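Counting starts at 1 for both ligands and their atoms, following the listed order. This is a predicted model, so every value here is computed, not measured.
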Amino acid sequence: MQVNEFKRHIEKQVEIFKNLQNKHVRVISHLDCDGLTSAAIIIKALLRANLNFSTTIVKQIDITLLDELSKENYNCYIFTDLGSGYLSLISEKLESKAVFVLDHHKPEDVQNRIHHTNPHNFGIDGGKDISGAGVTYLFAKKLNEENKDMAHLAIIGAIGDIQEGKGFHGLNKEILEDAIQSGKIEVKKGLGMFGSQTKPLHKVLEFSTDPYIPGVTGSEQGAIKFLNELGISIKDQDGKYKKLIHLNEQDIKKLTTGIILKRLGSEKNPEDILGNIYLLTDELEESPTKDAREFSTLLNSCGRLRKPSLGIGTCLGNKKIKKEAVALLSEYKQELIKSLNWFYSKRGSPRIIEEDGYTIINAEENIKDTIIGTLASIVSRSNIYRPGTIIVSMANTIDGNIKISLRLVGTNKELDLREFVKKITKKLGVGEAGGHKQACGCLIPQEKEEEFIKISEEILKKMMMEETIGK
Ligand SMILES: [Mn+2]
């Protein structure tokens, strides 16, 4: 029922949009995978409707952005994958404009003149059942049935927002049906491990966290040994590394059984390792855009490296732009490898403070601020430090700040790293904490570098003491 009401609401919004005269449309969307797929969907829909528009991709909405937008000469504004939390502010700043918000984030609890579409207002879970790209897709589909050929983009967006877990739910499921019907996506059951199209098999196993494989996940040696024991060679006849997609049926069976056996005894559902694989039928085998999961990573990287237009162009099927995006991704990987090498070569120097329970990586100019968080994530998953170790990483930004990223080795349900950041920023008198419990960060001015390290060590030492006493 609520789904039907939600769809009727979208129909009404589309009617309002259609009835606006002389539309000059301004699109504002979010800088992640879901936001970029949302932008691609609305852009193609507007092109199909022969409308004039321009697009901006932002990390978040703020007063400066809205002030700038309000001075522009457009009469219609569409926000996708963001906006629901800023309905009052948008309404105030874009007073004389027609504004549409197509979003799935928890909305501000107000009713105003904004044409607001959000699943939460209809009792639909915007965290699991539909993404920003999904909402945008439903809007586009009502605008013109032809736009059904973009359902796969809404699926990539939902995967980017981690809405897929052993299948899709709710409206995402319906959208997937559209994508299958239009021949854009093919769903297969199998070992849905990340990188099966593009990475060497042993690397895929090493980095596999879903499923988690004891003794293999996190260890390259473990992965190679595991494959040896199963009698699966890691290279093909030409000496090239095999990928998961190169394995024949028999080897896949061996591998599947092997993984289940490894998981026996330590994992809750050891046999629960098969998942759905979403393949894009129009994309080439072994390309980073073939598997919807890898596609979403490509888009996230475009966003993180501040090249959103490459991501959008890739979604719209522009071959030249797609090449650039793939090149950007490999450049990003090179940069990551360089950063990892720097990290390993500087262990034992004052750049990297290693104590029992915490590590502070102070990269200054040696690692880009766009990379440091990912580096910290990789280090936290690489078995160098014992579970429970807190990784504090620091890199200078070009505008005189230091980007701080925190990660935790392993999992600890009680620990909230944001609390730790809050403590430090309070003592420093600057900076704001953002992120999740086990992965978060903040920004501080460069002149606070030494003070930050000093205070961090104090707090971390105290935390480790408490932990030891607690045990
Ligand atoms: Mn989203």
Side-chain angles (χ1 to χ4, degrees), residues 6 9-10 13 27-45 55-62 65 77-87 90 99-108 114-141 150-165 167-176 178-179 278 292-309 311-312 314-316 373 434-436 439-440:
F6 182 53
H9 170 83
I10 292 175
Q13 301 303 309
V27 175
I28 301 98
S29 194
H30 193 207
L31 185 76
D32 64 4
C33 166
D34 190 25
L36 296 183
T37 45
S38 303
I41 291 169
I42 199 74
I43 286 171
K44 192 159 172 195
T55 311
T56 299
I57 305 296
V58 295
K59 207 176 161 202
Q60 71 224 13
I61 287 183
D62 54 33
L65 170 75
Y77 289 69
I78 304 179
F79 291 85
T80 56
D81 193 35
L82 40 67
S84 284
Y86 297 86
L87 296 173
I90 295 173
V99 181
F100 293 81
V101 170
L102 306 169
D103 193 6
H104 71 130
H105 293 96
K106 276 252 155 63
E108 190 188 341
I114 290 177
H115 306 298
H116 180 218
T117 301
N118 190 306
H120 288 286
N121 291 340
F122 297 83
I124 298 165
D125 184 356
K128 270 267 160 286
D129 289 355
I130 189 164
S131 67
V135 177
T136 310
Y137 167 73
L138 293 182
F139 185 91
K141 189 172 128 183
M150 291 188 281
H152 62 292
L153 293 176
I155 289 304
I156 296 168
I159 288 175
D161 267 9
I162 323 182
Q163 299 196 331
E164 204 273 350
F168 282 109
H169 312 272
L171 282 162
N172 276 330
K173 217 170 168 176
E174 271 183 44
I175 297 171
L176 177 64
D178 281 358
Y278 305 92
R293 278 199 191 91
E294 294 195 48
F295 200 134
S296 79
T297 307
L298 177 72
L299 295 181
N300 270 325
S301 318
C302 289
R304 205 169 285 144
L305 300 171
R306 297 292 186 274
K307 295 273 168 64
S309 58
I312 296 172
T314 304
C315 290
L316 294 173
H436 312 280
C440 67

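- The nearest pair of heavy atoms linking Tyr278 to Arg293 is CE1-NH2, 4.4 Å.
- Ring pair His9/Phe122 is tilted by interplanar angle, where 30° to 60° counts as tilted.
- Under the salt bridge (charged side-chain N to carboxylate O under 4.0 Å, His left out) criterion, Lys128 pairs with no residue at all, not counting sequence neighbours.
- If you check the side chains of His104 and Asp161, you find a donor sitting under 3.5 Å from an acceptor.
- The backbone N or O of Ala133 lies less than 3.5 Å from a partner atom in the side chain of Asp34, making a donor-acceptor pair.
- Counting only protein N, O or S atoms closer than 2.8 Å to the Mn ion (ligand 1) gives 4.
- A donor-acceptor contact shorter than 3.5 Å links the side chain of Asn300 to the backbone of Cys33.
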